[in-house]
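Worksheet: the structure to be examined is printed underneath.
All chains are named by letter (A, B, ...) in the order of the sequence lines, taking the proteins before the strands, and each is independently numbered beginning at 1.
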Number of protein chains: 2
Amino acid sequence: MTTDLCGRHFIAHEWHQSEASFTRFNPSTNSVLPGAFSQGTVVEVEAAAIAADAAFWEFQQTSADQKAKLLETMAKEIEQDGDAIVACAMLESGLPEARLKGELGRTAGQLRLFASVLREPYSPLLMDKANPDRQPLPKPELKLGQLPLGVVAVFGASNFPLAFSTAGGDTASALAAGCAVIVKGHPSHPGTSELVARAMARAIDLTGMPKGLFSLIQGSEPALSVALVEHPLVKAVGFTGSLKVGRLLADRCALRPEPIPFYGELGSVNPQLLLPGKLARDAAVLAEAQVNSMMMGHGQFCTSPGLVIAIKGPGLESYLAALSDIASRQNAAAMLSAGICQAFNQDVSILVPRVNVIAQGQAAEAAHHSRPLIASIEASALFGQPELLEEIFGPFALVAICDSKEEMFELVKRLPGQLTGSIHGLETEVADFGDIIDRLAFKVGRIMFNQMPTGVEVARAMNHGGPYPASTDGRSTSVGAEAMKRFMRPICYQNMPETLLPNELKASSRRLMMF
Amino acid sequence: MTTDLCGRHFIAHEWHQSEASFTRFNPSTNSVLPGAFSQGTVVEVEAAAIAADAAFWEFQQTSADQKAKLLETMAKEIEQDGDAIVACAMLESGLPEARLKGELGRTAGQLRLFASVLREPYSPLLMDKANPDRQPLPKPELKLGQLPLGVVAVFGASNFPLAFSTAGGDTASALAAGCAVIVKGHPSHPGTSELVARAMARAIDLTGMPKGLFSLIQGSEPALSVALVEHPLVKAVGFTGSLKVGRLLADRCALRPEPIPFYGELGSVNPQLLLPGKLARDAAVLAEAQVNSMMMGHGQFCTSPGLVIAIKGPGLESYLAALSDIASRQNAAAMLSAGICQAFNQDVSILVPRVNVIAQGQAAEAAHHSRPLIASIEASALFGQPELLEEIFGPFALVAICDSKEEMFELVKRLPGQLTGSIHGLETEVADFGDIIDRLAFKVGRIMFNQMPTGVEVARAMNHGGPYPASTDGRSTSVGAEAMKRFMRPICYQNMPETLLPNELKASSRRLMMF
């Protein structure tokens, strides 16, 4: 093990070792990495939950400014350790340095966005003024506030070891909302999780925040995940990962004696609608953009464009030819883990006999590498095979070829829920496709015009989520300022004396929108 | 059957009869009422869901003004038939005329509140401005909008045959959100449901809204409820009723192939905290207010104050004596249904040996009447018997007597989730109880000062919900303007041309809050 990794959990502000351990893997070299990491069990969950709950109540005594300071300090401490964190994440994820540096910057940026929201309140709060003279009963004063839900469990994601993991979006938004956080580190990058947790622990020390406010439990056993989401002190869960695991945990949360919100950001095929005018004019440009987007992170972005929907007509042949040309020059590469690579290769082998292969990338040099693939199919053939509309996680896209506008509409109607969808069209032709575009909106959490995914922005008006199965709860976003709300719930203060109101609801607050 | 009742379902804008039927009951006279009502099955669910889904897509073509007009016309048509509706509801619910007239007014008021929200948008929408010069990538324009979820199933409530039933809060907010609605009428008041549905049908005709936008399915079989919440075209559920049934349906919604939101407003004991100074000064006034609130609707309001928490000290004896005096003069009365009365009497008979009876109301004259009851218990005795903190639906309250402020805090910490909670105190003493009051806030959806429940207002800043088991989803309210949001979800429009944006997101919209 690298000398500066201890391989332990971080619980109640101490580094805690378990008897059992697990190892980590370098997916690029397909080999085990040195060192062993503590294997979390129900014992660690119990200890972390009790510490987090105690810290949660202490945390309620801190001001919005103090919470902002904590988030800013976390960002700074993570950046300070940036080189070591990125180096470790490269080893554990196989992702390139530039990508991980960018992701580290984004992680810090997310923490700072929530800090700025806490400092400069943007979300108006509602108030109904009292009317003591109303008949037959006086009208009370009502103020609508928000309270944090409690202890939040966050599951690290394999495909974003920084921005959706230990100090990632869900952790940042939960802390900003006033919650305590227990992170279940993803077993594919335990060293990265530990390094980030160290930086966060320093930030907690530096800002005098309650010990236990943040915990990291390492582990690779499904029983750990189940114990965490079923712990009575855990009041909400943030998750990024597969439909299979996400759904399993969502069901566990729903069936608890006290059901709790489960926010699973799962995945989707992110349909790309090519309108005929645009296709006729820009076939080659569209093909290049498609392959570039699909090859980001070797197809392992949740917004990877896995489905293209086009109509037969001018430009389609050129588009397919360009796709073939560009895609066949793409390299095979290792994936985030051996398991993910195996699943991709298996999914592809089942798929290939059922579709027309347009292009394959360069042949894989090793069994743990996956080879990019683009295929096509008649749209009508999808109507009876809805399973072909499910995500294949990796460098793959399917081009669905429609006979007509009507068939495109039919296909859009049949799409399952998606994180994103894009329309590629000329401004002059979109009106003719209004029905289809409107319907696409009902299928996605974010709709883009003439832009490939990701295009995700850590901003105020972002939404990253979408109808099931893109996420388990389409009412909530995992990216952007609104993500704070997933870990809060409303409360009405009726005729409460000023001294008993939270600051943002006091008469002096500029946030109050009065009726 | 009264000549003007047909006893049928209203599906796809037609009155539809089933082969099987059920009868209705007059709880006041404890006798079956004339007439038979169609017993809904999976067949009616399928027909209503298909019609509602078709209507939903048509409804998307209507403007906010048109939707407002629909809601206003519904309010007017219901008021026009007010006398007949109230007369029928009196027969079916046993509730007094004045209460039902008030409830009819509130029902119309709710419809008009949502109309006003649609006309005068109060909820700012978020926008991030584009920055084409940003490096390394241009910043896209982002606009955060909201889309309706689809077809909503609404379950009528036995205790509010108007305001939480056919045209009640969930129906009004779902229509305002842009959803189509299928109401499952409560079997205790099918005639009332039918009369309200007729008025709503006229409003749909008068405003030229899509047929199928609103359906009413009558029925008394649990299988009907399950079929409705499990129908693939149903995308959200609003429910008011018991914990037992609510939880059963919530679990069904969670375990569907596509899980959907289930908003169950269940019930609670609505704790009343009596602070010592206030108790010493106003014992008799507090006791009278307690009994009056508890006797509203014969204890069958979801905000009925079923738990009083006081500390031993000056005023307590006077308070208990006054409670005893006032409560013993209360009449026994019929309840909303024979089943509810039976459950109350059974709950009370199990409880009585475990508590100290303070007062019983006048003896019941008939087996279908329930007798008011107030009891007390040492707070410490509740710590080992948390089941005594569960709601007994009816005219009952338990006074928990604490030895100290610390014991009061302990009890508040152990409370399950509540719709409301009240603090009765002097302004001069509340600071001493800050910890307890803060903790109470985390247990309730609405916290009141020196006011008994209900105190509910159909307003902008109202919240009616609360942590489980008060509701199945404490993130949402069933009363007030915010209730619209439970039937919508966010969507981000990225770089979308103006023509493809909904009106409220166009550049001219005053709702846009820009960053």
Output the option from [options] having the highest count of non-hydrogen pairs under 4.5 Å with chain B.
options	answer
Asp473(A), Leu255(A), Asp438(A)	Leu255(A)
Ile423(A), Leu125(A), Leu142(A)	Leu142(A)
Thr472(A), Ile260(A), Val444(A)	Val444(A)

I want to check something: taking the side chain as every heavy atom from C-beta on, are [X] and [Y] in contact at a cut-off of under 4.5 Å?
X	Y	answer
Leu126(A)	Met462(B)	no
Ile491(A)	Arg446(B)	no
Trp57(B)	Arg439(A)	yes
Leu144(A)	Glu482(B)	yes
Arg475(B)	Arg475(A)	yes

Given that the side chain runs from C-beta out, which part of [X] has a heavy atom under 4.5 Å from chain B: side chain, backbone, both or neither?
X	result
Pro490(A)	both
Arg256(A)	backbone
Ala441(A)	both
Leu137(A)	neither
Glu427(A)	side chain
Met448(A)	both
Lys129(A)	neither

[Y] backbone acceptor or donor facing [X] side chain under 3.5 Å:
X	Y	answer
Asp128(A)	Ala459(B)	no
Arg247(B)	Pro257(A)	yes
Asn495(A)	Phe449(B)	no
Gln494(B)	Gly455(A)	yes

Selection from [options] maximising heavy-atom pairs under 4.5 Å formed with chain A:
options	result
Lys143(B), Gln451(B), Met127(B), Glu457(B)	Glu457(B)
Leu500(B), Leu149(B), Thr477(B), Asp251(B)	Leu500(B)
Ser422(B), Pro261(B), Gly150(B), Gly145(B)	Pro261(B)

Heavy-atom contact with chain A under 4.5 Å, split by part of [X]:
X	result
Phe515(B)	side chain
Thr499(B)	side chain
Gln146(B)	neither
Met513(B)	side chain
Ile437(B)	side chain

Task: Atom NZ of Lys101(B): over 12 foreign heavy atoms under 6.0 Å - done: no
Task: Taking every non-hydrogen atom, the tightest pair across Ala254(A) and Ala254(B) - done: CB-CB, 3.3 Å
Task: Distance in Å, Gln60(A) CD paired with Phe442(B) CZ, rounded so as to fall on 0.5 Å steps - done: 4.0 Å
Open item on the list: Please report the interatomic distance SG(Cys492(B)) to CZ(Arg460(A)), rounded to the nearest 0.5 Å.
Closed with: 14.5 Å
